[in-house]
Engineer: 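Supplied in structure tokens, the structure appears directly below.
Order of appearance sets the numbers: ligands from 1, and atoms from 1 within every ligand. Every value quoted in this text rests on a predicted model; they were computed, and no experiment measured them. Starting from 1, each residue takes its place in the sequence as its number.
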Amino acid sequence: MKQKTIAAISTPIGTGGISIVRLSGDDALNIVLKLTNKNAGDIMPRYMHLTKLKTKNFNEQGLLVYFNSPHSYTGEDMIEIQCHGGVVIANGVLEELLNQGATLAEDGEFTKRAFLNGKISLEKTEGIIDMINAESEAQVRAGYNLLNGELNKKVIVMQNSLTSTLAEIEVAIDYPEHDIEYSTIEKFKNSLLKTKEQIIELLLTVKTGKIIKNGINVSILGKPNVGKSSLMNALLNYDRAIVTEIAGTTRDTLEDSYLYNGIKINLIDTAGLRNSNDTVEKLGIERAYKTLDYADIILVVLNGAEKLDEQDVNNLSLTSGKNRIIVQNKKDINDKPICLEEKVVMVSALNKTGIDDLKSKIYNSVIDKNIIESSILITNKRHEQALKRALENLEQALTSIDNAMSLDLVALDIMEAWKILGEITGETSGEEIIDAIFTKFCLGK
Ligand SMILES: Nc1nc2c(ncn2[C@@H]2O[C@H](COP(=O)(O)OP(=O)(O)OP(=O)(O)O)[C@@H](O)[C@H]2O)c(=O)[nH]1
Ligand SMILES: [Mg+2]
């Protein structure tokens with residue numbers, strides 16, 4: 001069946017040097033030729049061609065490249081037109097292509113076609129989304145590794161191992177007259193255990209993967225006037241939060257981020273913790289406490305210019321057992337620790353001293369160096385869920401073997417695990433999942 005030819009502007013709408021309009025489908029070349037003064041024979045695949053582009057209301061000069069099927073991103077005939085940047089030109093060219101028979105592409109439709117035509121697996125397309133949406137270098141790296149097939153290779157190795165175990169189990173089931181030897185059962189078991197270990201190893205990267213995707217959430221807590229907002233500004237290196245000598249200046253939580261070693265660090269400045277009768281302040285303090293639920297690390301800020309008081313002690317006990325750093329601020333006034341039981345990091349938010357050391361401590365207390373350097377990080381909830389479900393099925397198969405259950409049952413669980421692993425690459429994914437993934441793409445990709 002003839003595929004309709006889709007078109008979209010692939011570059012962001014705005015003023016710039018060039019804009020790229022793309023087409024994909026059987027009629028891509030014919031449609032584009034209607035705008036040009038060229039014939040099909042003039043267009044060599046994979047060469048840039050300078051051409052006139054006639055639209056209803058203006059003429060333009062641009063470049064076009066033809067990628068003939070199947071040697072294109074989507075696997076179909078594709079054309080990329082580079083026209084001059086600017087909203088009017090790109091829109092005019094697109095409109096003319098639609099007039100000549102193209103259909104406006106849906107979000108992510110180019111990549112969806114690439115997947116449906118077998119050019120790319122599902123998790124690789126998710127790597128592309130991650131790279132496009134990346135806000136940090138670590139996200140780009142993780143997305144690239146997905147796109148580069150690191151997870152794909154691992155999934156295929158695990159699936160192949162399950163397939164060969166299944167084949168051997170089938171043989172054992174088909175020849176029941178031969179007693180199955182103990183060593184054969186042990187072999188099945190060992191092979192399943194190995195795959196189980198590989199899944200567990202991948203799941204161990206989930207925590208770091210989430211941090212790469214969402215950044216490190218850092219809550220800045222402490223009583224009023226200790227310098228939380230000043231610390232936030234010093235870490236961000238600009239005056240984001242209001243700072244005054246009045247206790248209770250910050251009312252609401254305030255968020256902003258910086259990058260450190262390619263990771264996004266999300267700071268949350270909070271209202272100073274104290275007993276208050278002020279309605280607005282009380283609401284702010286409630287919000288400050290709530291940050292304890294989602295912070296990856298808490299900076300408990302103390303004022304080095306004063307003695308530790310009851311509120312400081314409360315704050316310390318509230319956060320004990322959580323991932324925290326005790327920060328003693330105002331070291332320009334006093335550089336001796338006021339809290340003797342635990343190690344403190346001394347800073348002066350005012351003079352911006354001790355800030356680099358604090359930045360490195362925040363990073364190191366959340367990031368596992370061994371994991372962050374591994375080539376596969378599970379950053380995607382869908383992959384995590386699939387791995388967990390595959391793991392459950394493998395565990396079920398292993399329990400059945402231990403309980404000397406029928407090998408048919410064992411085979412069913414292994415088959416299910418194999419299928420679930422295939423959902424990651426898209427080999428066994430349902431239509432709904434596929435549609436949900438591609439709507440996350442932007443137009444023109
Ligand atoms: N000497 C000195 N003063 C500081 C330092 N950091 C902050 N201050 C001062 O301490 C006062 C309070 O600072 P803020 O940053 O507003 O304190 P906060 O903890 O955010 O206070 P609330 O918002 O009221 O909870 C201001 O007058 C700051 O200039 C520091 O390192 N040294
Ligand atoms: Mg403040």
Engineer: Salt bridge between K388 and E384, side-chain N to carboxylate O under 4.0 Å?
Structural biologist: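 Judged by the 4.0 Å cut-off on N to carboxylate O distance, K388 and E384 do form a salt bridge.
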Engineer: Main chain of I371, side chain of S374: is a donor-acceptor contact present, judged purely on distance under 3.5 Å?
Structural biologist: yes
Engineer: Assess whether atom OH of Y238 is packed by more than 12 heavy atoms of other residues, nucleotides or ligands within 6.0 Å.
Structural biologist: yes
Engineer: Of all heavy-atom pairs between V301 and N329, which one has the smallest distance, and what is that distance?
Structural biologist: CG1-CB, 4.1 Å
Engineer: How far is atom 30 (C) of ligand 1 from the closest protein heavy atom, and which atom is that?
Structural biologist: L350 CB, 3.3 Å
Engineer: Counting only nitrogen or oxygen atoms and a 3.5 angstrom limit, does G272 reach ligand 1?
Structural biologist: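 Min N/O separation from ligand 1 is below 3.5 Å for G272.
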Engineer: Specify the protein heavy atom at minimum distance from atom 21 (O) of ligand 1: its residue, its atom name, and the distance to 0.1 Å.
Structural biologist: N225 N, 3.0 Å
Engineer: Which of the numbered atoms in ligand 1 are below 4.0 angstrom from a heavy atom of I246?
Structural biologist: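 Ligand 1 atoms under the 4.0 Å threshold to I246: 24 (O).
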Engineer: Tell me: protein heavy atom nearest atom 29 (O) of ligand 1, and distance?
Structural biologist: V243 CG1, 3.9 Å
Engineer: Any ion pair linking K194 and E197 (charged N to carboxylate O, less than 4.0 Å)?
Structural biologist: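 No, no charged N to carboxylate O under 4.0 Å.
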Engineer: Among E281, E245, Q328, K330, which one puts a heavy atom closest to atom 10 (O) of ligand 1?
Structural biologist: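 Selected option, by shortest heavy-atom distance: K330.
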Engineer: Tell me whether S230 has any N or O atom under 3.5 angstrom from an N or O of ligand 1.
Structural biologist: yes
Engineer: Report yes if some N/O of T250 lies less than 3.5 Å from some N/O of ligand 1; otherwise report no.
Structural biologist: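 Yes, T250 has an N/O under 3.5 Å of an N/O on ligand 1.
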Engineer: Would V347 count as a polar contact of ligand 1, with the cut-off being nitrogen or oxygen pairs under 3.5 Å?
Structural biologist: no
Engineer: Does the distance from a Lys or Arg side-chain N to an Asp or Glu carboxylate O, for R324 and E342, drop under 4.0 Å?
Structural biologist: yes
Engineer: Between E373 and K369, does at least one N-O distance fall below 4.0 Å, as a salt bridge requires?
Structural biologist: no
Engineer: How about T250: does one of its N, O or S atoms come closer than 2.8 Å to the Mg ion (ligand 2)?
Structural biologist: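 Checking T250: at least one N, O or S atom is under 2.8 Å.
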Engineer: Just need the protein heavy atom nearest to atom 26 (C) of ligand 1, so name the residue and atom and give the distance.
Structural biologist: T244 O, 3.4 Å
Engineer: In terms of atom number and element, which parts of ligand 1 are under 4.0 angstrom from non-hydrogen atoms of K228?
Structural biologist: 15 (O), 17 (O), 18 (P), 19 (O), 20 (O), 21 (O), 22 (P), 25 (O)
Engineer: What part of N329, side chain from CB on, backbone N/CA/C/O, both or neither, has a heavy atom under 4.0 Å from ligand 1?
Structural biologist: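 For N329, only side-chain atoms sit under 4.0 Å from ligand 1.
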Engineer: Would you indicate which of A305, S229, G227 comes nearest to atom 17 (O) of ligand 1 when only heavy atoms are counted?
Structural biologist: G227
Engineer: Under a 4.0 Å N-O cut-off, is there an ion pair linking D309 with K223?
Structural biologist: yes
Engineer: Hey, does N351 come in under 3.5 Å of ligand 1, counting only N/O atoms on both sides?
Structural biologist: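 Checking ligand 1 against N351, no N or O pair falls under 3.5 Å apart.
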Engineer: Is a salt bridge present between D402 and K189, judged by a nitrogen-to-oxygen distance below 4.0 Å?
Structural biologist: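 Between K189 and D402 there is a salt bridge, with a charged N closer than 4.0 Å to a carboxylate O.
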Engineer: Any N/O/S of T249 under 2.8 Å from the Mg ion (ligand 2)?
Structural biologist: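 Under 2.8 Å: T249 has no N, O or S contact with the Mg ion (ligand 2).
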Engineer: Between G248 and ligand 1, does any nitrogen or oxygen pair lie at a separation below 3.5 Å?
Structural biologist: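 Yes, there is a polar N/O contact under 3.5 Å.
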Engineer: Taking atom CG of N275 as the centre, report whether more than 12 heavy atoms of other residues, nucleotides or ligands fall under 6.0 Å from it.
Structural biologist: no
Engineer: With heavy atoms under 4.0 Å as the rule, classify the contact between D269 and ligand 1 as side chain, backbone, both or neither.
Structural biologist: neither
Engineer: Should the pair K330-E306 be classified as a salt bridge under the 4.0 Å nitrogen-to-oxygen rule?
Structural biologist: no
Engineer: Do any N/O atoms on I333 end up under 3.5 angstrom from N/O atoms on ligand 1?
Structural biologist: no
Engineer: Between E416 and N393, is there a side-chain donor-acceptor contact under 3.5 Å, judged purely by atom types and distance?
Structural biologist: no
Engineer: Pairs of nitrogen or oxygen atoms closer than 3.5 Å, one from A247 and one from ligand 1: do any exist?
Structural biologist: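 No: no nitrogen or oxygen of A247 is under 3.5 Å from one in ligand 1.
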Engineer: Checking the N or O distance criterion of under 3.5 Å, is ligand 1 in contact with K331?
Structural biologist: no
Engineer: A quick test of your reading: do over 12 heavy atoms of other residues, nucleotides or ligands sit less than 6.0 Å from CD of E137?
Structural biologist: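 No.
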Engineer: Heavy-atom contacts under 4.0 Å between D332 and ligand 1: side chain, backbone, both, or neither?
Structural biologist: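 For D332, the contact with ligand 1 is made by the side chain alone.
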